[in-house]
> 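The structure is given below, and queries will be raised subsequently.
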Amino acid sequence: MQTSDLHQISESCFEIPAVGLMNVPARLFADRALLEGMDEKVREQISNVARLPGIVTAAFAMPDAHWGYGFPIGGVAAFDPRQGGVISMGGIGYDISCGVRALRTGLPEEEVRPRLEEVATALFERVPAGIGSEGKIRLDRRGLDEVLLGGARWAVEQGYGEPGELEFVEERGRMEGADTGAVSDTAKSRGLNQIGTLGSGNHYLEVQVVDQVHDADAASAFGIAAGEVLLTLHCGSRAIGHQVATDYQRELGKAARRLGLSLPDRELVCAPIDSPEGRRYYGAMAAAVNGALANRQVIAALAARAFRSVLPEARVGILYDVSHNTCKVEEHEVDGARRRLWVHRKGATRAFGPGHPDVPAAYREVGQPVLVGGTMGTGSYVLAGTSASAGLAFASACHGAGRSMSRNEALRHWRGDRLQRELASRGILIKGHSLRGLAEEAPGAYKDIDDVARATHEAGLARRVARLRPIACVKG
DNA sequence: ATGTAC
């Protein structure tokens, strides 16, 4: 991206002023080097978002931003219904409530390393993954509606995990406002057998070691220390969320035409929050969020059982679970006034700061854990929300390394089998369902996670707590 | 991301 005409407002924040049809400015949180590596499309897309009706303060791009559908991945935008604010499917994405859950194991690397092959095999065998994969849970329509209304709480009621875990899941495991009647029959049929499955693409189940502690107090509050092993999973709502997104792409398009909204990009179809279509989309999206929360709750329980089948002394427990593809109703202070806003985060993680009532009591003094999934060959991060984050980008931070190369381009550069051997030689064990999928996910196709975490930290969006290093990874 | 193509 060209950076010469961007207005630099701090070391790690650049602004595109509100010109022409933009209602607000666009702000890109990244250092100059990251921005220079970003696609020009990010700038175009985030400027388009700034044109949407009822947008508040600015459209934001996180340091891991890259070209997405309508909105960039790594995009944040908040809308006020009292000013004609909209809800947009492109602002959430196809993988509704994709997110990360991190589990502590209570074991140091030395105790896991000798059994790593068995651990990885157990995880691979017990957690269904891959395109079209199905789980063991069989549901009828009524059962699925209970999932879509109950989220992780439903999964706990079914015996997957303990009630005490729910406090450490965003929304306490269940998002309000789900409307199962707004979820199409097609979406429900597709989702029926997929609860407890990982999926494909960038989704994974990883064994990681706490590589470096940046903030000892926060790490201690989060119950992690250098050398300890974590079990981390990244996945979303599978086909049900994808179908909801597909259905409402059409529905919101119709609404936008009916209401004569002039849109900068047909991928930015949206409807007023207070319109029938907008409300139905919100209800369907919330249902898909609950599907994802249930999915991660079940997978976590399966993964914990798999891990303990090899290492029974492990005490597997949740650190946190947070989504990065959502729209949520939150209260934020804007120019001194509290306002109720519909905050879209697409490839962006909620990052509530210290003292926020929605941060679990055990973490409240240090801020919400922000789980950032990097790549299978480099690393991941645990960050924490800051006091400044609410005032910067509606309490949002990055969500991953962010692609620097498209999947097709990655396929021209890497081969799955060779990549797997290379990683093995570096002590990282990969169990994949698809060699092609591995090549698409080559670490070299992503930005440098350390650069992204540093920029996020320097921008004040979230602060670094710990760097995680992968030792084994199950990929779909 | 995705019954990788309605």
Side-chain angles (χ1 to χ4, degrees), chain A residues 45 64-75 88-101 128-135 139 144 183-195 197-205 233-251 253-254 266-267 269 284-285 287-289 291-293 295-296 299 322-327 344-349 373 375-376 399-403 405-412 414 416 432-442 445-446 474-476:
Chain A
Q45 290 192 316
D64 51 336
H66 56 107
W67 182 6
Y69 183 88
F71 277 56
I73 294 158
S88 169
M89 164 268 155
I92 297 162
Y94 278 92
D95 190 5
I96 295 170
S97 195
C98 184
V100 180
R101 178 181 291 218
I131 187 91
S133 54
E134 296 195 336
L139 297 167
L144 184 64
V183 178
S184 71
D185 207 50
T186 314
K188 288 181 184 174
S189 327
R190 290 184 62 184
L192 225 42
N193 296 330
Q194 292 190 328
I195 297 299
T197 65
L198 203 56
S200 64
N202 64 3
H203 292 167
Y204 60 76
L205 172 58
L233 61 104
H234 175 220
C235 71
S237 49
R238 305 287 330 276
I240 199 161
H242 188 274
Q243 190 62 44
V244 165
T246 304
D247 292 341
Y248 281 89
Q249 170 65 9
R250 199 172 49 241
E251 289 289 313
K254 277 195 271 185
R266 62 189 296 269
E267 293 184 357
V269 290
M285 187 256 337
V289 168
L293 294 176
N295 194 27
R296 287 199 289 275
I299 292 173
V322 64
S323 305
H324 46 238
N325 286 355
T326 58
C327 174
H344 295 61
R345 295 189 183 90
K346 179 198 200 174
T349 311
T375 80
M376 58 184 165
H399 84 305
R403 292 198 82 91
M405 202 183 275
S406 71
R407 293 184 176 279
N408 277 328
E409 206 178 342
L411 287 176
R412 289 195 290 274
W414 289 279
H433 285 80
S434 148
L435 287 175
R436 180 197 162 120
L438 287 185
E440 289 179 353
E441 287 297 313
Y446 283 85
V474 173
K475 294 286 290 179

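We name chains A, B, ... by the order of the sequence lines, and we start the count at 1 in each one.
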> Does E134(A) have any side-chain contact (heavy atoms from CB on, under 4.5 Å) partners at least two apart in sequence or in another chain, and if so, which?
R138(A), N193(A)
> Toward the 5' end of DNA chain B, which comes first, T246(A) or R407(A), by nearest nucleotide?
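Here R407(A) is the residue nearer the 5' end.
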> With a non-hydrogen cut-off below 4.0 angstrom, is G236(A) in contact with a base, only sugar-phosphate, or nothing?
nothing
> Could you tell me the separation between the CG atom of D95(A) and the P atom of dT2(B), rounded to a whole number of Å?
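D95(A) atom CG is separated from dT2(B) atom P by 6 Å.
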> Let me know the distance between CD of E440(A) and C1' of dT4(B), rounded to the nearest Å.
8 Å
> Just checking E441(A): base, sugar-phosphate only, or nothing, at a heavy-atom cut-off of under 4.0 Å?
sugar-phosphate
> Please classify the nucleic acid contact of E134(A) as base, sugar-phosphate, or nothing, using heavy-atom distances under 4.0 Å.
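Contact class for E134(A): none.
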> For the pair K254(A) and E251(A), find out whether any cationic side-chain nitrogen is under 4.0 Å from an anionic carboxylate oxygen.
yes
> Using whole Å, what does the distance between atom P of nucleotide dT4(B) and atom CZ of R436(A) come to?
11 Å
> Between N408(A) (CG) and dA5(B) (C1'), how many Å, whole number?
14 Å
> How would you list, by chain and number, every residue that makes a ring pair (Phe, Tyr, Trp, His ring centres under 6.0 Å) with Y446(A), sequence neighbours excluded?
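Once residues adjacent in sequence are excluded, Y446(A) has no partner under the ring pair (Phe, Tyr, Trp, His ring centres under 6.0 Å) criterion.
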> After noting the C-alpha distance and the side-chain angles of H324(A) and H234(A), does the key distance pass the side chain to side chain donor-acceptor pair (under 3.5 Å) rule?
CA-CA 10 Å; H324(A) 46 238; H234(A) 175 220; 3.3 Å; yes
> Figure out the CD/P separation between Q249(A) and dA5(B), and round it to whole Å.
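That distance rounds to 17 Å.
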> R238(A) side chain N/O closer than 4.0 Å to the phosphate oxygens (OP1, OP2) of dT2(B)?
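Yes, such a contact exists.
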> In whole angstrom, what separates I73(A)'s CD1 from dT2(B)'s P?
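For the pair I73(A) CD1 and dT2(B) P, the rounded distance is 13 Å.
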> Can you measure N295(A) atom CG to dT2(B) atom P for me and round it to whole angstrom units?
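Computing the N295(A):CG to dT2(B):P distance gives 10 Å.
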> Tell me the interatomic distance from K475(A), atom NZ, to dT4(B), atom P, rounded to whole angstroms.
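Interatomic distance, NZ of K475(A) to P of dT4(B): 18 Å.
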> Pick out which of R345(A), R296(A), H399(A) makes a side-chain hydrogen bond (donor to acceptor under 3.5 Å, both in side chains) with S323(A).
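That would be R296(A).
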> Which part of the nucleic acid, if any, lies within reach of S200(A) when heavy atoms closer than 4.0 Å are counted: base, sugar-phosphate only, or nothing?
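Contact class for S200(A): base.
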